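Scroll down for the structure; my scribbles are underneath it.
Read the numbers this way: they start at 1 and go in the same order the structure lists the ligands and their atoms. Computed from a predicted structure; not experimentally measured.
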Amino acid sequence: MDRSKWMLSVGIALMHLLVVVALIRGPALSDWLAFALLYPLGAIGVGIAMHRYFAHGAFSTSRGFQFLLALCAALSFGNALFFAGKHRIHHRHSDREGDVHAPAQGLWHCWFGSLLDCGYEQEEIEAEIRDHLSAAELQWLYRHSAVPGLVICALLFSWGGFSAMVIGGLLGPVLLLHQSSAVNYFCHVSGYRRFLTHDASTNNPLVALLTYGEGWHHNHHRFPRAAHAGMRWWEIDVFYYVICLFEALGLIWGVQRIEPARRERARTQRWSRVTR
Ligand SMILES: [Zn+2]
Ligand SMILES: [Zn+2]
């Protein structure tokens with residue numbers, strides 16, 4: 001294992017250990033307030049920034065707001081561009097040879113293993129994200145994605161000590177890691193399907209509830225660029241509602257939506273187009 005993967009493994013293990021210790025010691029109310037402030041930003045960073053925007057281009061935005069979105073991802077130790085590159089490969093090869101995290105590769109690989117080694121070289125990932133790497137500020141964040149999270153942890157530590165740092169700065173990233181891994185695994189093995197896609201993707205209501213809409217993963221595999229993963233009124237998709245709020249505030253535009261008639265037509269059409 002090379003040095004960066006070894007450091008990442010230690011970092012992930014350490015984050016889990018520190019969270020367990022802080023929870024056993026009993027966090028203060030102020031620690032939970034820090035969590036309540038930072039966790040939603042981190043969740044937006046993962047679901048809306050990394051996934052729907054950087055990987056799939058589900059909407060357009062300004063260069064400034066784009067950077068803020070990438071920064072939200074970095075708050076939860078997410079590397080928006082690296083994720084986008086890897087995720088585009090997932091969509092192209094889902095559940096087949098070349099997939100970065102197919103359940104057929106095992107639960108452990110889907111949950112943790114692909115974070116350390118997804119089977120592709122860095123150059124191959126970077127080739128997927130050339131569209132974003134041209135922006136200098138995004139390129140900096142791509143090279144130093146851990147810096148914002150570490151700065152927040154340092155600030156939290158100086159403000160409220162160990163517990164504030166762990167509950168405010170690390171619990172959120174740990175939860176988001178497991179939420180994302182739950183989608184990677186369970187939304188390719190259990191749930192319901194409505195389209196004739198080339199993969200084994202599923203809509204899993206429980207995972208969708210726990211991931212603010214990301215669990216409507218089968219819908220998403222059929223319409224990857226759509227800003228909404230939910231395709232029925234009862235397929236609750238909190239991230240999409242936040243996207244609508246950003247749109248109403250004028251922060252984003254060109255939101256990609258699939259009309260109901262097109263969704264219905266798609267139910268009887270076999271689909272294997274390679275796309276993001
Ligand atoms: Zn998938
Ligand atoms: Zn996707």
**Message:** Strictly below 4.0 Å, N to O, side chains only: are Glu259 and Arg265 in salt-bridge contact?
**Reply:** no
**Message:** With a 6.0 Å cut-off (strictly less than), is the heavy-atom count around CZ of Arg143, excluding the residue itself, greater than 12?
**Reply:** yes
**Message:** To make sure I understand the geometry: which N, O or S atom in His188 is closest to the Zn ion (ligand 1)?
**Reply:** NE2
**Item:** Cut-off under 2.8 Å, centre the Zn ion (ligand 2), protein N/O/S atoms
**Value:** His51 NE2, His56 NE2, His87 NE2, His91 NE2, His220 NE2
**Request:** Taking atom types as modelled, find out whether Asp199 and His188 have a side-chain donor-acceptor pair closer than 3.5 angstrom.
**Result:** no
**Message:** Looking only at the side chains, is there a donor atom on one of His178 and Trp111 sitting less than 3.5 Å from an acceptor on the other?
**Reply:** yes
**Message:** Between His90 and Asp99, is there a side-chain donor-acceptor contact under 3.5 Å, judged purely by atom types and distance?
**Reply:** yes
**Asked** With ILVMFWY side chains joined below 4.5 Å, transitively, what does Trp234's cluster contain besides itself?
**Response** Tyr192, Trp216, Trp233
